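A short write-up of the structure that comes next.
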Amino acid sequence: MALALALWRWCIAAALLFSAASGRPATFSQDFRITWADSHIRELDGGRGIQLTLDQGSGCGFASKYQYLYGRVSMKIKLVPGDSAGTVTAFYMNSDTDTIRDELDFEFLGNRSGQPYTVQTNVYAHGKGDREQRVNLWFDPSQDFHEYSIMWCHSRVIFSVDQVPIRVYKNNEAIGIPFPKSQPMGVYSTLWEADDWATRGGIEKIDWSKAPFYAYYKDFDIEGCPVPGPAGCPSNPNNWWEGPTCKVLSPEAAKRYRWVRTNHMIYDYCTDRKRYPVPPPECSAGI
Ligand SMILES: *[C@@H]1O[C@H](CO)[C@@H](O)[C@H](O)[C@H]1NC(C)=O
């Protein structure tokens, strides 16, 4: 009996140790801290999940405790259900530097009941953004948790939804196109009100009679090189995120990527001739 108990305890300890070492789903407070309105963020399930609240008083936000230089970050998010027009849930990486900002953005733009959410992505490299793309999701992201991830490698940045790549930004420094390369970035998320622009360009206003609005997060996962941290980490070609998944999309991933671009893409700055009579150079530089 005592032996069984001891063994059982050992198994639990080993399991905990293993999950921490492998970087698999962690608790919120292990890697993150609240940055805006702690009254509006509640930990659930022993910190394995959180609830974010937006009401007329405030939105809220959180950030990673560390910055990273290359890696992969993912979390599962269940977005505000029902009439979410005017709400924006953002999940992004940011170098937190003013003039030469690097930033990789996911922004989830709410909608009127029953109408599809829009996911906007953007890439800032060396202070220059204005690279918006928008896709409509192929499922209702407020019904269930779905995984959103940013993979940041030397060769490209890949934004994925449930492991389907929805955007690839290739490193084309060789032909003079900036790429986020030398500044570490933190991981951030916010839930806020942006009814001046978010839904149909600001036409659809937030309906405060539906407040408070809630979004849920779980399965936080950051696998990257913390800065400050081991000096050789960011340049180590053996880091798994520098491997095949980053270098080329597998045929299956490439197929899904094409499917998203053909069937779900609703805006691409590359084809917006009003804004860019001549498309920016990265638009024709391939993925
Ligand atoms: C909301 O739904 C409308 C109608 O389906 C769609 O045109 C729009 O792109 C959707 N998203 C936003 C953020 O307005």
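None of these values were measured; they are calculated from a predicted model. Just follow the structure's listing: the first ligand is 1, and inside any ligand the first atom is 1. What you see below is based on every heavy atom in this structure, not just the backbone, and it leaves out hydrogens, waters and symmetry mates.
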Run through all N or O atoms in ligand 1 and write down each protein N or O closer than 3.5 Å, as a pair with its distance.
| unit_1 | atom_1 | unit_2 | atom_2 | d |
| --- | --- | --- | --- | --- |
| ligand 1 | 2 (O) | N111 | OD1 | 3.4 |
| ligand 1 | 2 (O) | N111 | ND2 | 2.4 |
| ligand 1 | 2 (O) | Q115 | OE1 | 3.4 |
| ligand 1 | 5 (O) | Q115 | OE1 | 3.2 |
| ligand 1 | 11 (N) | N111 | ND2 | 2.8 |
| ligand 1 | 11 (N) | T118 | OG1 | 2.9 |
| ligand 1 | 14 (O) | R200 | N | 3.2 |

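Remark: Q115 engages no residue in a side-chain hydrogen bond (donor to acceptor under 3.5 Å, both in side chains) (not counting sequence neighbours). For T97, the side-chain hydrogen bond (donor to acceptor under 3.5 Å, both in side chains) partners two or more places apart in sequence, or in a different chain, are S95, Q183. Among residues two or more places apart in sequence or in another chain, the side chain to side chain contact (heavy atoms under 4.5 Å, CB included) test is passed with T118 by L109, R134, N136, I266.
At most 12 non-hydrogen atoms from other residues, nucleotides or ligands lie less than 6.0 angstrom from OH of Y66.
A distance-only check finds no donor-acceptor pair linking the side chain of R48 to the backbone of T27 [under 3.5 Å].
For Y269 and D130, the side-chain atoms include no donor-acceptor pair closer than 3.5 Å.
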